[in-house]
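Worksheet for the structure shown next.
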Amino acid sequence: MKTKVYDLRTQYEEGIKAAAEEIRQGRLAIFPTETVYGLGADAFCPEAVRKIFEAKGRPQDNPLIVHISDFSQLAQIASDVSDMARRLMERFWPGPFTAVLRKKPGLPDEVTAGLDTVGVRMPASRAARDLIRESGCPIAAPSANLSGRPSPTRFAHALADFDGKVAVILDGGACGVGVESTVCGLTGEAPEIFRPGGITPEMIRDVAGSVHVADAVLHGVKPGERVASPGMKYKHYAPRAKVTIVDGENAKTIAFKLNSMYDIEEKKGASCLILCPDASAPRYGERRVWPIGKDESEVARQIFDALRRADEAHIDHIFFEAVAAQGIGLAVMNRMIRAAGFEVI
Ligand code: TXA
Ligand code: MG
C-alpha cells in the first residue's frame with residue numbers, strides 16, 4: 001500500500017478531508033493528538049477496527065480508546081454515566097483524559113476486547129477533532145506504534161512504524177504532552193487511575209473529592225493476576241536497549257550508583273547512555289549523557305523520542321535517572337518502569 005502523507009502546516013484542509021475519506025471507507029489513518037499520534041479507524045466498523053490490531057500486532061485482549069469531537073457523541077458509546085463522571089469529563093475535555101464508562105451494546109466488541117466498559121476521550125488537538133467531525137463517526141485509536149515499541153510523539157516515529165501499512169498519515173509536528181492520556185475508571189464509587197498521564201491524580205481529586213491509583217501503576221502484574229486495565233500487563237514502551245532505572249535518597253547517591261554501573265557495563269563492551277534531567281548532567285562527567293528536559297513536563301515530552309533515538313544510535317544499555325513519581329512524573333515513571341521490565345535499582 002502506498003501511504004499518503006499530508007503536512008498539516010501547509011495542507012490542513014486537504015489532509016483532514018483525505019484522512020476522513022479513508023476512515024469512512026473502512027481504512028486506517030494516523031493523526032496527531034496532544035498526547036501521542038493515534039492509529040484510527042471508524043469505531044462502528046468491526047472490519048476496520050480489526051485492521052488496527054493486525055497493523056500494530058496488538059494482543060486481542062487489549063481494548064482501544066474511542067475518540068469523540070463532541071459531547072453529543074457520548075450517548076452512542078456509553079451508558080449509565082454518573083454525575084461525578086460527567087463533572088470530570090466537563091472539566092478535563094477536550095484534553096488528555098480517558099473516561100472508562102459502561103459500554104453501549106451497539107458498540108462493536110472488537111473495540112472493547114469484549115469488556116463491558118469502554119474508554120472514551122475527546123482530544124484537545126484541533127486536527128484530531130476536525131478529523132472526527134469530518135469522518136462523521138467516533139474514531140477508535142490506540143497509539144500509532146508497533147506493539148511493544150515506544151509511543152510516537154513525532155511524525156517521523158509514526159512513519160517509521162507504519163509507512164506502507166496505512167492509507168494516510170497526517171503530519172502535525174511534535175506532540176505537546178508526550179505521554180498518553182490518563183485512563184480513569186468511572187464506573188465505581190471513586191475514580192480509579194489505571195494509567196497515569198497529563199491529568200494528574202491531584203487534579204482528579206480536586207473535582208471528584210477522592211481518587212484511587214491502581215496498584216499496577218508503579219508495579220508489575222503477576223502472571224495470571226486479574227487487572228482492571230489490560231494494557232497494564234504488558235512490558236510496553238520498550239526500546240531495543242536494556243533499560244535500568246536508578247533511584248535513590250538524593251541526586252548524589254543516584255549519580256554514584258549510576259556511574260559505577262555504567263562503568264562496569266562499558267568495560268564489558270556495552271554501549272551505554274544516561275537519560276536525566278538537565279540539571280543532573282554534570283554529575284555524570286565524560287560519560288554519554290542526554291539531558292532530556294528542565295522539569296518533569298519536558299522529560300515527559302521528550303522521553304519516547306529519546307528511547308527511539310537510543311535505538312538508532314545502537315545503544316545497548318540505557319540508565320534512566322528516576323524522576324519524582326508525582327504530577328506528570330508519575331506518568332513518566334509508569335512508562336519507564338514498563339520499559340525497564342519492572343526493574344528499579
Ligand atoms: O493519549 C492516548 O490515550 C492515546 C491517543 C492516541 O489518544 N491513545 C492510547 O491508546 O494511548 P492505547 O491503545 O495505546 O492505550 C489505551 C490504554 C490501554 O492500556 C488499554 O488497556 C486501556 O487504555 N483501556 C482501553 N479501554 C479500556 C477499558 N474499557 N477498561 C480499562 N482500560 C482500558
Ligand atoms: Mg499504546
Side-chain angles (χ1 to χ4, degrees), residues 36 145-154 156-157 160-161 174 178-180 196 216-222 232 234-345:
V36 303
N145 53 281
L146 294 173
S147 206
R149 299 273 298 140
S151 288
T153 49
R154 294 165 190 235
H157 302 161
D161 284 8
V179 289
E180 309 89 334
V217 163
L218 287 180
H219 306 278
V221 174
K222 294 176 208 83
M232 291 198 291
Y234 301 105
K235 176 181 170 181
H236 239 177
Y237 314 107
R240 279 178 276 269
K242 179 175 165 57
V243 178
T244 302
I245 302 178
V246 188
D247 204 347
E249 293 273 286
N250 57 52
K252 254 201 177 138
T253 57
I254 293 178
F256 182 78
K257 268 201 276 187
L258 199 158
N259 283 336
S260 55
M261 284 190 288
Y262 182 108
D263 293 345
I264 290 167
E265 288 300 310
E266 280 265 311
K267 266 207 198 92
K268 288 193 221 157
S271 168
C272 297
L273 168 69
I274 299 166
L275 298 179
C276 63
D278 297 349
S280 304
R283 292 194 198 95
Y284 301 111
E286 299 296 293
R287 295 171 185 84
R288 188 190 282 117
V289 186
W290 291 355
I292 52 169
K294 64 176 185 315
D295 55 23
E296 279 90 7
S297 302
E298 243 179 67
V299 171
R301 206 171 303 142
Q302 305 208 68
I303 187 66
F304 286 136
D305 181 57
L307 295 180
R308 283 183 180 252
R309 281 192 293 127
D311 278 346
E312 280 160 25
H314 304 288
I315 300 295
D316 301 306
H317 202 138
I318 298 169
F319 294 94
F320 177 75
E321 185 186 308
V323 297
Q326 62 197 26
I328 196 154
L330 180 65
V332 173
M333 287 302 286
N334 167 267
R335 307 312 189 265
M336 289 310 287
I337 283 170
R338 278 156 178 78
F342 306 104
E343 202 180 58
V344 183
I345 291 180

**Study point:** Verdict with reasoning, M336 to V243, per side-chain contact (heavy atoms from CB on, under 4.5 Å)
**Key:** CA-CA 8 Å; M336 289 310 287; V243 178; 3.9 Å; yes
**Study point:** E265 and K268 ion-paired at < 4.0 Å
**Key:** yes
Revision key, fill the gap. Between the CZ atom in F304 and the CD1 atom in I292, the distance rounded to the nearest 0.5 Å is 11.0 Å
Exercise for review: Compare all side-chain heavy atoms of M261 with those of C272 and state whether any distance is below 4.5 angstrom.
Suggested key: no
Review point. With a 4.5 Å heavy-atom cut-off, do R308 and D161 have their side chains touching?
Key: yes
Exercise for review: Output yes when a side-chain donor or acceptor of R149 lies under 3.5 Å from a complementary backbone atom of L146, and no otherwise.
Suggested key: no
Check your understanding: So, N259 side chain and R283 main chain: donor-acceptor pair closer than 3.5 Å or not?
Key -> yes
Point to revise | Spacing of SG belonging to C276 relative to CG belonging to L258, to within rounding of 0.5 Å | key: 8.5 Å
Review point. Stepwise, does the side-chain contact (heavy atoms from CB on, under 4.5 Å) test hold for F319 with E321?
Key: CA-CA 7 Å; F319 294 94; E321 185 186 308; over 6 Å; no
Review point. Do the side chains of E180 and R335 get nearer than 4.5 Å, heavy atoms only?
Key: yes
Exercise for review: Output, in order, the C-alpha distance, side-chain angles, deciding distance and verdict of side-chain contact (heavy atoms from CB on, under 4.5 Å) for R301 and T153.
Suggested key: CA-CA 8 Å; R301 206 171 303 142; T153 49; over 6 Å; no
Review point. Using a distance-only test with no angle check, is there a side-chain donor-acceptor pair under 3.5 angstrom linking S271 and H314?
Key: no
Exercise for review: Take I315 and R288 through the test side-chain contact (heavy atoms from CB on, under 4.5 Å) and record every step on the way to the result.
Suggested key: CA-CA 10 Å; I315 300 295; R288 188 190 282 117; 3.4 Å; yes
Check your understanding: How many angstroms lie between atom NZ of K257 and atom CD1 of I345, to the nearest 0.5 angstrom?
Key -> 7.5 Å
Review point. Would you say V179 and V36 make side-chain contact, with heavy atoms under 4.5 Å?
Key: no
Point to revise | Heavy-atom side-chain proximity of L218 to M333 below 4.5 angstrom | key: yes
Point to revise | Member of T244, L307, D311 meeting the side chain to side chain contact (heavy atoms under 4.5 Å, CB included) criterion with I318 | key: L307
Practice item. Could you grab the distance from atom CD of E249 to atom CD1 of I254, nearest 0.5 Å is fine? Key: 9.5 Å
Review point. Can you tell me how far the CG atom of L275 sits from the CD1 atom of I245, to the nearest 0.5 Å?
Key: 11.0 Å
